Number of protein chains: 2
Amino acid sequence: MRQEARDRPRIADVAREAGVSKTAVSFAFNSPERLSPDTATRIRDVATSMGYRPHPVARMLTQGRTRTLGILTPQALSVVFANPFFATFSQGVAAVAEEAGYALLFVSPVHGSLARAVNRATVDGFVAIGLAQDHPEVEQIRRAGLPIVMVDSAAPFPEHPAVDVDDEGGARLAAEHLLALGHRDFLVIGVEPPAPGAQADSGGVVGRRLEAYREALAAAGIDLPDDHVVVGPASVEGGSACLAGAWEDGRRPTAILAMSDAMAIGAINAARRLGLRVPADLSVVGFDDIELSRHIEPPLTTVHQPVRRKGEEACRLLLSAIARDDSSRPDHRRLETRLIVRGSSGPAPIGKEVAGGR
Amino acid sequence: MRQEARDRPRIADVAREAGVSKTAVSFAFNSPERLSPDTATRIRDVATSMGYRPHPVARMLTQGRTRTLGILTPQALSVVFANPFFATFSQGVAAVAEEAGYALLFVSPVHGSLARAVNRATVDGFVAIGLAQDHPEVEQIRRAGLPIVMVDSAAPFPEHPAVDVDDEGGARLAAEHLLALGHRDFLVIGVEPPAPGAQADSGGVVGRRLEAYREALAAAGIDLPDDHVVVGPASVEGGSACLAGAWEDGRRPTAILAMSDAMAIGAINAARRLGLRVPADLSVVGFDDIELSRHIEPPLTTVHQPVRRKGEEACRLLLSAIARDDSSRPDHRRLETRLIVRGSSGPAPIGKEVAGGR
DNA sequence: CCGGTTTAGCAAACCGGTTTAGTGGAAACG
DNA sequence: CGTTTCCACTAAACCGGTTTGCTAAACCGG
């Protein structure tokens, strides 16, 4: 009994006022054909004049469904919304959800516990984004018994529908593109796990991309020593720091493979500060193809992944999992990536000595 | 009775299994001190072994609160998430909400009706962003009787808390900055209403900024004819189109006042295509100060508004409105804007003839 | 050993709707 | 005119929890 629910009229109040039963009021809203037309309108008139609206929670309880979809993120919303990638993904989910008349609830850890948040959540199902399968609470979440679609999870459970993209293929394309341009000296800029210890987010994604870079280079007879792989936070500043740090340590790559566009852009900025011209002295290839990438100078060569479509597909899978009574075997969908060549990559410089440096 | 709730055990099942009453089970979770320690643990053990979790909807119903906050947008989520501004705002709301243990429900029109969506929404209160006070359904929404904080509404209701920014001040600063640089020939690029007819979103904001531009220019004895104000969609492409179109029509401004950074960036791109150098031939000032603006070339001079803080403040006001039993007079908060001078603005060109054009 | 207080747990009422199973009366039918 | 069908509406059960009010047993001091 809290007063935030003010003194809003209940269905019984409307019934009394209109001189009918609760049932009649309910019918007036939900199945007017079971009432005589004029009683129905009269009841509705009384209801509106009293400012009545059916209590949505009570409704959910009786109907057994919420018409709400949950978006589950292992990180705090305040950090996840900083990621343009996430906004685009949400766009995709929202487009399909709205079409079907569902609202969207964003569910993030409550006091550090995702399972707690999941238990509180009044939804018909979840889209889990970047939830590693070895997340400590994932078992509890699955036991909640709600349909759940896993997006970008390292090794998704076969029993749940899943969506991801061909990270390996994209990474390979990026590496091969630079190899074809004659590059032999690479620096990989990777995304570090958000929290030390917790792998969360793109844990598996990072590993898959790195592995594919390595294989493509190996196929060309090039080894990628560990000190040619640096990681930092997935931000523009993080990318700058990665290149600056590696340069400081004596790395002199002619090409950079960045695992996120934001970091690639940071690397370009850092390169400029080091007196390097992009792409004449240094080629940079990103990953994701965020909106921003086509607007910077030079426009970023990058691996496109269909982020928005990822959201759409995930939401479709979820909706059909909710609708379906028999749980036929879940759909695992892998979307394609493709290389978009823009201005930040070019032929390897001829002389070994590049401009800039000290 | 839908099977999506599977055959999850109910509280009564747990009670039977543990050989106690429903009350005892409830106590075991919510007030264990009312039970002997070992019964409490025994009940909890049985519950976990059965995979029981209290039905969140039933819980909401009895407790009379949802621990969920609604973010209300008059536009579809799929379009609103395309706006980086919105993501930043959500970040602010989320930070405060998460801290207080609230989840976030995004509420957008259901089949075109915002009021319907509001009625479905199981929340303790709303943050309404860009909801014009003359929105046709706003009256119904207010009658829902839930606390509501209005953000960026043209003329907020005095009876609801509200947050906005000093648009007039910011616009004035932008105009005065360009005037001080010697500019006399202006083009204003504005945001067009998203849907024809519906003013929605930043309806009032656009008007307030335009008025302030006008006044500042008038104070310097400069008139701004209507055909020096063009509008388009609030996107990079929209900005390009605005400048390109105006140029086509014979406008030859030396300075552009854009009402959004995205449009300003578009204008810079268009200028480059017209052979104009920024800022040598054309100065551009944006509005909002989105992340992207500092990363483009040249970095954008723009009016900063504390978007994230806007979200934080709105959420704080909402939480206190929810907590407060007596409705003391609502808080109206106006946040400051400030001009950030970067590289896209410079002295007016000396000769009247500028490069490029035909 | 007795009256009073605590403790542990239960039955029933309640939250605010929807849905099922009727009910009484008028109309239709034979 | 008696029976059946249909119509318009209702009382009560239900959804799955929480909370109130109560009871029986254990405990306690004198």
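Chain letters run A, B, ... following the sequence lines, proteins first and then strands; every chain starts at 1. For clarity, every value in this text was computed on a predicted model and none was experimentally measured.
Residue A:Ala24 has its side chain nearest to D:dT10 when only D:dT10, C:dT18, D:dA8 are considered. When distances are taken from the side chain of A:Asn30 to each of D:dT18, C:dT18, C:dC10, the shortest belongs to C:dT18. Nearest nucleotide to the side chain of A:Thr62, out of C:dG17, D:dG17, C:dG9: C:dG17. Checked against D:dC9, D:dT18, C:dT19, the side chain of A:Ser36 finds its nearest nucleotide in D:dC9. Residue B:Ser21 has its side chain nearest to C:dC10 when only C:dC10, D:dG17, C:dG17 are considered. Among the nucleotides D:dA13, D:dG17, D:dA8, the one closest to any side-chain atom of B:Pro54 is D:dG17.
We find that B:Asp164 and B:Lys310 are not joined by a salt bridge, their nearest charged nitrogen and carboxylate oxygen being 4.0 Å or further apart.
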Polar atoms only, N or O, under 3.5 Å: list the protein pairs with nucleotides 21-27 of chain C and their distances.
none

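Applying side chain to side chain contact (heavy atoms under 4.5 Å, CB included) to A:Pro161 and the options A:Ser320, A:Pro330, A:Pro147 leaves one that passes, A:Pro330.
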Donor-acceptor pairs under 3.5 Å, side chain of residues 85-100 of chain A to any protein atom, not counting sequence neighbours: which ones?
from    : atom 1 : to       : atom 2 : distance (Å)
A:Thr88 : OG1    : A:Pro84  : O      : 3.0
A:Ser90 : OG     : A:Phe86  : O      : 2.8
A:Gln91 : OE1    : A:Arg308 : NH1    : 2.8
A:Glu98 : OE1    : B:Leu77  : N      : 3.4
A:Glu98 : OE1    : B:Ser78  : OG     : 3.4
A:Glu98 : OE2    : B:Leu77  : N      : 2.6
A:Glu98 : OE2    : B:Ser108 : OG     : 2.4

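Straight-line distance from the CD1 atom of B:Ile43 to the P atom of D:dG17: 14 Å, rounded to whole Å. In this structure, CD of A:Gln63 is placed 19 Å from P of D:dC14, rounded to the nearest angstrom.
Residue A:Arg59 has no polar side-chain atom (N or O) positioned under 4.0 Å from OP1 or OP2 of C:dG16.
At the heavy-atom level, B:Val20 lies under 4.0 Å from the strands shown only through sugar-phosphate atoms. When heavy atoms are screened at a 4.0 angstrom cut-off, B:Phe29 is found touching no nucleic acid atom at all. Across all strands, A:Leu35 comes closer than 4.0 Å only to sugar-phosphate atoms, never to a base (heavy-atom distances).
Not counting sequence neighbours, B:Thr68 has no partner by the side chain to side chain donor-acceptor pair (under 3.5 Å) test. Listed by chain and number, the residues in a side-chain contact (heavy atoms from CB on, under 4.5 Å) with A:Asp45 amount to none (sequence neighbours excluded). Judged as a side-chain contact (heavy atoms from CB on, under 4.5 Å), and not counting sequence neighbours, B:Thr48 has no contacts. Contacts of B:Arg16 classified as side chain to side chain donor-acceptor pair (under 3.5 Å), with partners at least two apart in sequence or in another chain: B:Asp13.
Residue-to-nucleotide proximity on DNA chain C shows that, of B:Gly19 and B:Ala58, the 5′-proximal contact is made by B:Gly19. Closest-nucleotide positions on DNA chain C for A:Ala12 and B:Glu33 were compared, and the one nearer the 5' end corresponds to B:Glu33. Comparing A:Lys22 and A:Asp38 by the nucleotide of DNA chain D that holds the closest heavy atom to each, the one mapping nearer the 5' end is A:Asp38.
Residues B:Val14 and B:Met50 approach most closely at CA-SD, 3.9 Å, considering heavy atoms.
Remark: DNA chain D forms stems of 3 or more consecutive Watson-Crick or G-U wobble pairs, all pair distances under 3.5 Å, at C:1-30 with D:1-30.
Counting only residues at least two apart or in different chains, ring-ring contact (aromatic ring centres under 6.0 Å, His included) contacts with residues 31-51 of chain B are absent. The salt bridge (charged side-chain N to carboxylate O under 4.0 Å, His left out) contacts involving residues 136-151 of chain A comprise A:Glu139-A:Arg142, A:Arg142-A:Glu159, where partners must be two or more places apart or lie in separate chains.
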